[in-house]
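In the text below, chain A, chain B and the rest are named by the order of the sequence lines, each starting its count at 1. Computed from a predicted model, the values in this text were never measured in an experiment. As a basis for the values below, the full set of heavy atoms in this structure was taken, side chains included, without hydrogen atoms, waters or symmetry mates.
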There are 2 protein chains.
Amino acid sequence: MDVAARVAIFERVPLFAGLTPQDLEVVAREAHEYRLKKDQQPFQQGEPATHHYVIGWGRVRLDQTTPEGQNVILRFMGPGDLLGSVAVLREVPYPATPIAIEDSMLLRWSAGRFAELMQRFPPISLNAIRIVGGRLQDLQDRLRELATQRVERRIASALLRMVRQSGRRVERGVEIPFVISRNELAELTGTTLHTVSRTLSAWEQEGILSGKRSSHLIIAKPHRLVEIAEQA
Amino acid sequence: MDVAARVAIFERVPLFAGLTPQDLEVVAREAHEYRLKKDQQPFQQGEPATHHYVIGWGRVRLDQTTPEGQNVILRFMGPGDLLGSVAVLREVPYPATPIAIEDSMLLRWSAGRFAELMQRFPPISLNAIRIVGGRLQDLQDRLRELATQRVERRIASALLRMVRQSGRRVERGVEIPFVISRNELAELTGTTLHTVSRTLSAWEQEGILSGKRSSHLIIAKPHRLVEIAEQA
DNA sequence: CGTTTCTTTGAGGATATTCAATTTATGTGG
DNA sequence: CCACATAAATTGAATATCCTCAAAGAAACG
């Protein structure tokens, strides 16, 4: 992938908002491509943080594992999303493991190179604060949800969040454009795959959604999900 | 409070790390003092974000309320902590309400003034990213906890976190240097005050901790709490 | 000293987990 | 392309954790 193609990607990356095409070219030239096949990981939770990553294309799931081996999904990430930067800047080990859920391409910079870029292009710092701040607020909302709401509502909210973030209109409703297993949904909402399965089965009965294993979920009645997510 | 006194405070504020005493003086001169009595709030969740705050002295609890009126405590904050900045920089309404749990003094800057300071003193931006990033990681840990652990462990972890953050050695153990009610602990750990009460009662029986209403909690056996927090 | 607020404790019940078994889908090697 | 192996999903039954409801006790406040 040449520099021009990278610049084209970076034009839609929030981290680089406010940079001129010339600036982006500099940034792009310093980047290294990093390709991942499905299920591969660019780094692991606990490793020293050495690189900043931006997702060029593909999708990544961000996992955090407990000492006892239980797993939680922090978020799903897609093109333009930022990865690893907080750990690099805080000079702490990566706190989570990203796993490609599709073949993906990341662009990355070493800590030192990226520090130079941040110095040279001041908007990057401010963009970074906004991005990290946005994630902080997302997490605050999820924490509140997890603390106050029952499982069914949390699953509905999680699906709606994915619809809002990456949903695509299709004939029968809105589609979540990547495969997500019952287990992943459980790890995302703090419940068990059994409860997720029962809940989705019930919703399929009701015609709210459809989508079997390794096909994309299609939400036929998003308004019903909203009702469930908001019901007292 | 004169500028020199403010500078003395700012020398220990992470947001201003790396600034010279002269820099701090500039920052201090631009600040406005904002005093709060117990239970007062500098701003409310949902209001447009207009100011950056730093806690000079005192303590603040950061609340997030659901549409239905349920409350969650995001964190307790003390001297040197940053308040409101993420919302100001993202140009979104404040996502939470800070409430003074003791008489407190905040120092604040308008969005515009602070933007100038950030431009003039580049370390501030980087410090801000580190601080917000740190909070993000704290929240990720709490989310994982809430998703995977049972109530007793969560309460133990919450107490230990407060001990680590603000604990003070006293004769009988370690003291949490501010009053915290059963209800607050419940809102901090995603449970009910009843369950917290039962749990603390049991721990008091065991001699793990002590401290009645409106006195400070004293943890006599922190190691036992660690065991509880880490037990499989 | 009465009122308010916070805390404690009990009993009953609901939600969601755990355990267990089966069904269904996917992938692989012959 | 089929048969088998593997992985994912479904569903039922039993159980546990924690919440809700209820009431009373203790501490703080004016």
Taking 5' to 3' order, which nucleotide of DNA chain D is first and which is last to have an atom within less than 4.0 Å of a heavy atom in chain B?
dT17(D) to dA28(D)
Just N and O in the side chain of R182(B): are any of them under 4.0 Å from OP1 or OP2 of dT8(C)?
yes
In this structure, how many angstroms lie between the P atom of dG12(C) and the CZ atom of R198(B), rounded?
13 Å
CG of L185(B) versus C1' of dT8(C): gap in Å, rounded?
15 Å
Ring pair (Phe, Tyr, Trp, His ring centres under 6.0 Å) partner of W109(B), the single match among Y53(B), F10(B), Y34(B):
F10(B)
Taking five pairs at each terminus, the helix from dC1(C)-dG30(D) to dG30(C)-dC1(D) shows an axis bend, to 10°, of 50°
note: L193(B), atom CG; dT5(C), atom P; distance rounded to Å ~ 15 Å
With a 3.5 Å cut-off and heavy atoms only, can you find an N or O donor on one side and an acceptor on the other between the side chain of R213(A) and the base of dT26(C)?
no
With a 4.0 Å limit, can you tell me whether T195(A) has a side-chain N or O closer than that to the phosphate oxygens OP1/OP2 of dT17(C)?
yes
Between the base of dT9(C) and the side chain of H194(B), is there a donor and acceptor pair under 3.5 angstrom?
yes
Please tell me if the side chains of V88(B) and T50(B) come closer than 4.5 Å, counting only heavy atoms from C-beta onward.
no
Could you state the atom-to-atom distance from CD of Q231(A) to C1' of dT15(C) in whole Å?
14 Å
Would you indicate what S181(A) reaches in the nucleic acid, counting non-hydrogen atoms under 4.0 angstrom: base, sugar-phosphate, or nothing?
sugar-phosphate
Do H52(A) and S85(A) have side-chain atoms, one donor and one acceptor, less than 3.5 Å apart?
yes
Taking the basic N atoms (NZ, or NE/NH1/NH2) and the acidic carboxylate oxygens, is any pair closer than 4.0 Å for E184(A) and R75(A)?
no
Separation of T66(A) OG1 from E68(A) CD (nearest 0.5 Å)
4.5 Å
Between I155(A) (CD1) and dT15(C) (P), how many Å, whole number?
14 Å
Gap between atoms CD and P, on Q70(A) and dT17(C) respectively (whole Å):
12 Å
Taking atom types as modelled, is there a side-chain donor on R144(B) or Q64(A) under 3.5 Å from an acceptor on the other?
yes
For the residue pair T65(A) / N71(A), report whether a side-chain donor-acceptor contact shorter than 3.5 Å exists.
yes
Relative to the 5' end of DNA chain C, which residue comes earlier, K212(A) or T192(A), by the nucleotide with the nearest heavy atom?
T192(A)
Run the ring-ring contact (aromatic ring centres under 6.0 Å, His included) test against Y94(A) and tell me which residues pass, sequence neighbours left out.
F43(A)
Within-4.5 Å side-chain heavy-atom neighbours: L107(B) and I55(B)
no
May I ask you to say what S201(A) touches in the nucleic acid, namely base, sugar-phosphate or nothing, with a heavy-atom cut-off under 4.0 Å?
sugar-phosphate
